[in-house]
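First the structure, in the form of structure tokens, and then the observations on it.
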Amino acid sequence: MGQIIEDSALDILFREARTHAKWLPRQVSDQTLRDLYDLLKWAPTSANAAPARFAFLRSKEAKERLRPALAPLNIEKMLTAPVTVIVAYDLKFYEQLPKLFPHSPGMAALFASNSELVEATAKRNSSLQGAYLIMAARALGLDCGPMSGFDPAKVDEEFFAAGKPCFGCDQEFFPEGHVKTNFLCNLGYGDPSALHPRLPRLPFNEACSFL
Ligand SMILES: Cc1cc2nc3c(=O)[nH]c(=O)nc-3n(C[C@H](O)[C@H](O)[C@H](O)COP(=O)(O)O)c2cc1C
């Protein structure tokens, strides 16, 4: 606690990490994806609810199912990436609270009676967990290409609609019909020769204030 990680690690996580759209011909192993989840799961969510669900699409068949939902400019990026993650959220996340937040037994009932709170909590925390996924991926030497240019209703219908099997995931883990897509994230080993120059960021004074 109180320790600062090495500067070279900060480069890997932040300063030199880029968003990638072209990929080297190198696969991502099952074990790497398991390691990725086993890291990101430790990062915080409200009431420890962990509402995000992650579908790792790797097969050509799974990618073809995703294709019709994508904005045209994102199709090639998705099809050529070794893995595309659907970062989703489970609107019934609160059913897991007796296990994940056992010291506060009233919490599940609070969510069960308030759909607005469920939606806000699921979106906020699955977005955070998607960001944790990006940082964990970078920590494991992977590159990311997040994408919001797609039609989430089409992805939900294709992958999470009631009565449809959830391709590539355990059925129990992805109960049907109440899982919704937040954003997509391509994963792999990026081709650095395809990167454009880095875009600027807001300086401290334009994005932050001391009060
Ligand atoms: C949530 C999110 C959605 C994004 N959506 C798209 C997208 O649909 N298509 C795309 O080409 N890039 C998309 N991007 C990539 C951003 O434009 C990129 O991360 C940003 O310009 C920073 O680039 P850099 O990491 O190389 O500095 C998205 C990024 C994020 C975090």
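Predicted model only: the values in this text are computed from it and were never measured. Order of listing sets the numbers, starting from 1, for every ligand and every atom in it.
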Does [atom] have a protein non-hydrogen atom under 4.0 Å from it?
{"atom": "atom 23 (O) of ligand 1", "result": "yes"}
{"atom": "atom 1 (C) of ligand 1", "result": "no"}
{"atom": "atom 18 (C) of ligand 1", "result": "yes"}

Discussion item. Measuring from non-hydrogen atoms of Lys77 to any atom of ligand 1, is the shortest distance under 4.0 Å?
Written reply: yes
Worksheet item: Are Arg201 and ligand 1 in contact, using a heavy-atom cut-off of under 4.0 Å?
Response: yes
Identity and distance of the protein heavy atom lying nearest [atom]:
{"atom": "atom 15 (C) of ligand 1", "answer": "Thr19 CG2, 3.7 Å"}
{"atom": "atom 28 (C) of ligand 1", "answer": "Pro146 O, 3.2 Å"}
{"atom": "atom 5 (N) of ligand 1", "answer": "Ser148 N, 2.9 Å"}
{"atom": "atom 21 (O) of ligand 1", "answer": "Leu199 CD1, 4.0 Å"}

Worksheet item: What do we get for Ile134 next to ligand 1 when only non-hydrogen atoms under 4.0 Å count, side chain, backbone, both or neither?
Response: neither
Worksheet item: Does Val179 share a hydrophobic cluster with Leu66, counting links as ILVMFWY side-chain heavy atoms below 4.5 Å and allowing steps through other members?
Response: yes
Fill in: Asp90 and His178: side chain donor to acceptor below 3.5 Å
yes
Worksheet item: Side chains of Gln31 and Asp35: donor-acceptor distance under 3.5 Å anywhere?
Response: yes
Item to complete: Could I get the full list of ring pair (Phe, Tyr, Trp, His ring centres under 6.0 Å) partners for Phe14, not counting sequence neighbours?
Response: none
Item to complete: Number the atoms of ligand 1 from 1 as they appear, then name those within less than 4.0 Å of a heavy atom of Gly149, with their elements.
Response: 8 (O)
Discussion item. I'd like to check which ligand 1 atoms, numbered from 1 as shown, lie under 4.0 Å from a non-hydrogen atom of Arg18.
Written reply: 24 (P), 25 (O), 26 (O), 27 (O)
Discussion item. Just so I know, are the side chains of Leu133 and Gln129 near enough to count as touching, which here means a heavy-atom distance under 4.5 Å?
Written reply: no
Discussion item. Between Trp23 and Tyr189, is there a side-chain heavy-atom distance shorter than 4.5 Å?
Written reply: no
Worksheet item: Is the shortest N/O to N/O distance between Asn74 and ligand 1 below 3.5 Å?
Response: yes
Worksheet item: Centres of the Phe101 and Tyr94 rings: under 6.0 Å?
Response: no
Worksheet item: Would you say the ring centroid of Phe150 lies under 6.0 angstrom from that of Phe183?
Response: no
Discussion item. Taking Arg26 first and then Asp143, would you say they form a salt bridge - that is, a charged N and a carboxylate O separated by under 4.0 Å?
Written reply: no
